[in-house]
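Everything below concerns the one structure shown next.
Below, read A as the first sequence line, B as the second, and so on, with proteins coming before strands; counting in each chain starts at 1. These values consider heavy atoms only, across backbone and side chains, with no hydrogens, waters or symmetry-generated copies.
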Amino acid sequence: MALPGTIKNPQNLCNSLKPICKHLLFARNISNIPSDESTVANDLISIFTKQPFSPENPELQSLAGMLNTGVVETALKGFRSWKAAHKFFIWASNQWAFRHNVYTYNAMASVLSRARQNAPLRALTAEVVNSRCSMSPGALGFLVRCLGSVGMVDEANALFDEVRKKGLCVHNDYSYNCLLEAVSRSGRVDLVEMRLKEMRDQGWEYDKYTLTPVLKVYCNAGRFDKALDAFNEIFDRGWADAHVLSVLVLSFCKWGEVDKAFELVETMEDRDVRLNEKTFCVLIHGFVKESRVDKALQLFHKMQQSGFVPDVSLYDVLIGGLCMNKEHEKALCLYSEMKNLKVKPDIGVISKLISSFSEGGEGELTRLLEEIYDDIGVEDKVLVYNSFLNSLVNTGSIGKACQLLSAMMGIGLDEDVEINKFFRDKEMVAPNANSFTTVINGLLKANKLDLALSLFVEMAQFGCKQELQLYNNIIDGLCNSNRLEESYKLLRQMEESGFEPTQFSHNCIFGCLCRKKDVSGAIDMIKKMRVYGHEPWIKHSTLLVKELCKNGKTLEACKFLADMVQEGFRPDIIAYSACLDGLVKNGEIDAAFKLFQDISALGFCPDVLAHNIMIKGLCKAQRIAEARHLFNEMETKGLVPSVITYNLLIDGFCKNGQIDEAMLYLSSMFGKEKEPNVITYTTLINGLCNAGRPDDAILLWDKMVEKKCDPSRVAFMAFIHGLCKCGRPNSALVHFHEMEKRKMEPDSFVYVALVSAFLADLNFVSAYEILKEMVDKEKLPDPHDKNYTIVRVAVSKLSENAQTSSSITSLIRQGSLPTILYSDNRDDITSFRIKLESFHTPGLADAGCAAVALLYFLRQSFFGTVRRPVRILCQEICSGGSKVELKMGRQQLE
DNA sequence: TTAGGGTTAG
């Protein structure tokens with residue numbers, strides 16, 4: 001069917017196959033096409049491209065008679081759109097006097113594969129086989145490569161066998177090579193190995209183009225050793241070239257073996273095999289991405305030595321890498337080199353340098369600018385200023401950023417600001433929207449909301465457009481400062497400017513309303529959000545629920561959640577859990593239980609955490625049997641109780657006087673490999689002590705230590721307190737010292753427990769020592785604390801004991817026991833005098849002590865009510881002969 | 001250039 005002069009099987013020309021490349025070649029040279037064929041083809045293209053297309057077009061009908069495979073092949077190559085080409089191809093198929101040959105099929109296949117149209121390509125392949133058109137190995141190879149290039153490996157493989165089976169093609173080494181090339185892309189090692197064996201069995205020799213796909217398939221499949229074997233074979237046979245080297249080097253990089261890749265490049269270089277330009281570029285990018293700028297630079301120099309001239313994008317990536325590594329000077333050197341080589345730096349390179357040098361402070365940045373400023377085109381100058389503003393903002397110099405921006409706006413420069421010296425001789429550049437945005441965002445971050453707002457207004461006056469994101473950021477700033485009205489106003493302004501609020505804008509305001517506990521406002525906002533299809537963020541709803549519950553408004557919290565459901569937003573289990581917890585904390589266990597059941601009705605399955613809250617509530621309400629029931633139910637629901645679940649239940653049993661039951665749950669934890677934590681042990685140790693079983697508590701403490709569970713401060717305090725309660729102050733003291741050794745500070749009640757326990761044991765000296773330590777460490781309880789009375793009694797006892805009374809007196813003299821001394825609010829002088837005497841201050845003769853006592857007395861909040869008695873006291877002190885203290889007393893008094 | 005929110009011991 002081919003016309004005279006048409007090359008019958010052009011693909012054969014490729015049989016020596018230059019590297020099988022992605023670009024599929026057509027061997028039909030345009031100059032070989034007879035001019036009348038070319039005219040017909042062009043006319044056809046024009047008709048099929050014009051809209052509307054009509055098959056009835058009389059011109060088309062006359063051209064139909066002139067169809068031949070040459071015309072069709074030429075026309076197919078001339079279409080710009082694959083769709084039009086395909087339409088023409090189908091039309092041609094339907095012309096009674098025309099029949100496609102392998103070259104028209106291949107022309108269509110090429111168009112479809114380039115357009116990545118797999119479905120019509122698959123149909124075309126089937127048609128080729130069905131039409132029984134014969135083909136040379138080269139033509140088959142071409143079609144196979146079309147299929148391979150779009151990943152249709154199975155189709156290529158099947159086609160290969162079918163054409164052989166139907167006798168349409170006799171394979172040769174070239175057709176095998178094409179098939180291997182197609183399969184190698186897929187990483188299907190088995191298939192490649194099978195075809196390779198088949199090829200050898202049929203007596204075909206391997207060549208470079210056989211082994212290169214083999215190398216590729218091993219690389220793609222990550223088969224490191226096999227890939228190396230293939231490469232070595234290629235190398236030994238003297239076939240290694242830039243392409244083969246690139247395949248392996250790029251794979252090394254993909255596997256993260258950057259150093260190996262580099263070694264390979266060096267070894268091959270010694271043997272005169274060098275990378276091609278593209279591979280150099282890919283590798284340099286890859287090395288920088290892997291933070292191996294050193295290797296990237298070495299490659300870069302090799303690339304230059306190989307005679308390639310790097311373009312601006314390579315300088316950009318290298319300078320970027322150096323900047324990232326904080327190698328500012330090297331980056332600047334590369335920049336100079338680039339300029340010397342007449343490669344024009346672009347704003348990307350310049351921005352990288354600026355942001356890198358800005359980390360070194362303003363001095364460094366100025367030094368850089370002096371070097372590069374003249375290289376920057378007028379239109380890019382504002383970008384430099386913006387980079388500068390950005391760096392000032394990022395380094396916290398927001399004030400300087402504002403000054404520079406003012407200068408840009410023509411408001412003037414501050415003489416004292418060092419950074420501005422550079423800009424002083426320069427012609428100022430007017431700011432753009434980005435300049436304002438940078439500074440406003442910086443001001444917002446620095447909590448200078450009012451400045452940000454005024455700049456936002458000025459920005460518009462300056463003719464710069466306020467973008468949506470900036471509106472959002474300012475609304476966010478206002479909401480974070482609880483300036484709700486202004487944020488509403490800005491939201492309206494934003495809408496008037498033609499911006500539709502985003503989910504973020506609405507949620508800023510919703511969050512603010514929730515923080516303010518404004519339930520109706522929050523619901524109104526939810527309604528508005530529903531109109532826009534925005535989802536209220538659950539963190540805000542949860543916060544509102546928590547805040548309401550904290551203030552005892554559990555009913556409102558429940559209603560809020562119900563209203564949300566009403567508005568079509570179903571809160572999640574977390575918001576409900578917060579509400580459950582609020583109810584439980586408020587003692588509303590029945591309401592909590594009802595909500596717990598309602599949650600399930602809403603389609604949630606309460607999780608472990610929600611169960612924990614309920615178990616806590618039930619235990620708190622002493623409904624321990626129900627708590628245990630809920631615990632058992634968890635397992636039937638497929639929930640695995642957490643350590644916290646166990647801890648809560650164990651605590652419930654302890655508090656309910658069922659310590660043995662609690663211990664059973666501890667055993668069950670070990671059985672279920674649920675490791676108890678320090679809270680489990682602390683709860684039980686506390687429970688055992690409360691049950692009067694200090695020896696068991698000690699055993700459990702030892703077990704905890706043995707299990708490498710580190711006791712916490714709370715654990716120590718509970719244990720010491722418990723031992724004291726059980727009358728074991730000496731054991732308690734050992735742990736008290738251990739606690740101090742670990743730099744853990746005990747709370748006041750621990751000291752009190754020890755003092756009381758030692759006193760009960762009649763060990764006055766030890767009791768005094770602990771009391772003294774409590775005083776020295778300022779751990780005396782607050783007068784409103786119930787322990788306060790205990791200390792008072794203790795002091796009283798110690799002051800009456802011969803071993804400790806003088807030490808107590810001296811503590812009083814030092815003024816270390818202030819509030820103890822004046823522990824009641826009686827304002828009569830008699831009561832005061834009695835107190836003094838009770839601490840072995842003989843009458844008022846020891847005026848020094850009395851005066852000190854007086855000063856502390858004055859510090860008490862009931863000063864106003866004791867003015868008269870104090871005045872009398874002062875006189876008495878005076879008659880006792882202590883004038884200094886008296887003066888002080890008077891100063892305080894008057 | 002837009003998460004993290006709910007539960008345990010003295």
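A 6.0 Å sphere centred on NZ of K559(A) holds no more than 12 heavy atoms belonging to other residues, nucleotides or ligands.
Counted by atom type alone, N677(A) and N647(A) present one or more donor-acceptor pairs between their side chains at under 3.5 Å.
Considering only the side chain of N612(A), dT7(B) comes nearest among dT7(B), dG6(B), dT8(B). Listed nucleotides: dT7(B), dG10(B), dG6(B). Nearest to the side chain of M717(A): dG10(B). The listed nucleotides are dA9(B), dG10(B), dT7(B); the one nearest the side chain of H721(A) is dG10(B).
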Short N/O separations, protein against nucleotides 2-4 of chain B, under 3.5 angstrom:
from	atom 1	to	atom 2	distance (Å)
dG4(B)	N2	K539(A)	N	2.8

Q. Under the ring pair (Phe, Tyr, Trp, His ring centres under 6.0 Å) criterion, do F716(A) and W701(A) qualify, and how do the steps go?
A. CA-CA 10 Å; F716(A) 268 110; W701(A) 178 272; 5.1 Å; yes
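Backbone-only engagement by L648(A) is indicated by non-hydrogen atom pairs under 4.0 Å involving sugar-phosphate atoms exclusively. Within the 4.0 angstrom heavy-atom criterion, no nucleotide atom of any strand lies near K620(A). Using a 4.0 Å heavy-atom criterion, one finds that Y646(A) contacts no nucleic acid atom at all. Base engagement by I573(A) is indicated by at least one non-hydrogen atom pair under 4.0 Å involving a base atom.
Considering only side-chain N and O atoms, N686(A) lies under 4.0 angstrom from the phosphate OP1 or OP2 of dG10(B).
Interface remark: the S712(A) side chain does form a donor-acceptor pair with the dA9(B) base, using a distance-only criterion of under 3.5 Å.
The CG-P distance, from L580(A) to dT8(B), rounds to 13 Å in whole Å.
Geometrically, R570(A) engages F604(A) in a cation-pi contact defined by less than 6.0 Å to the ring centre and at most 45° from the axis.
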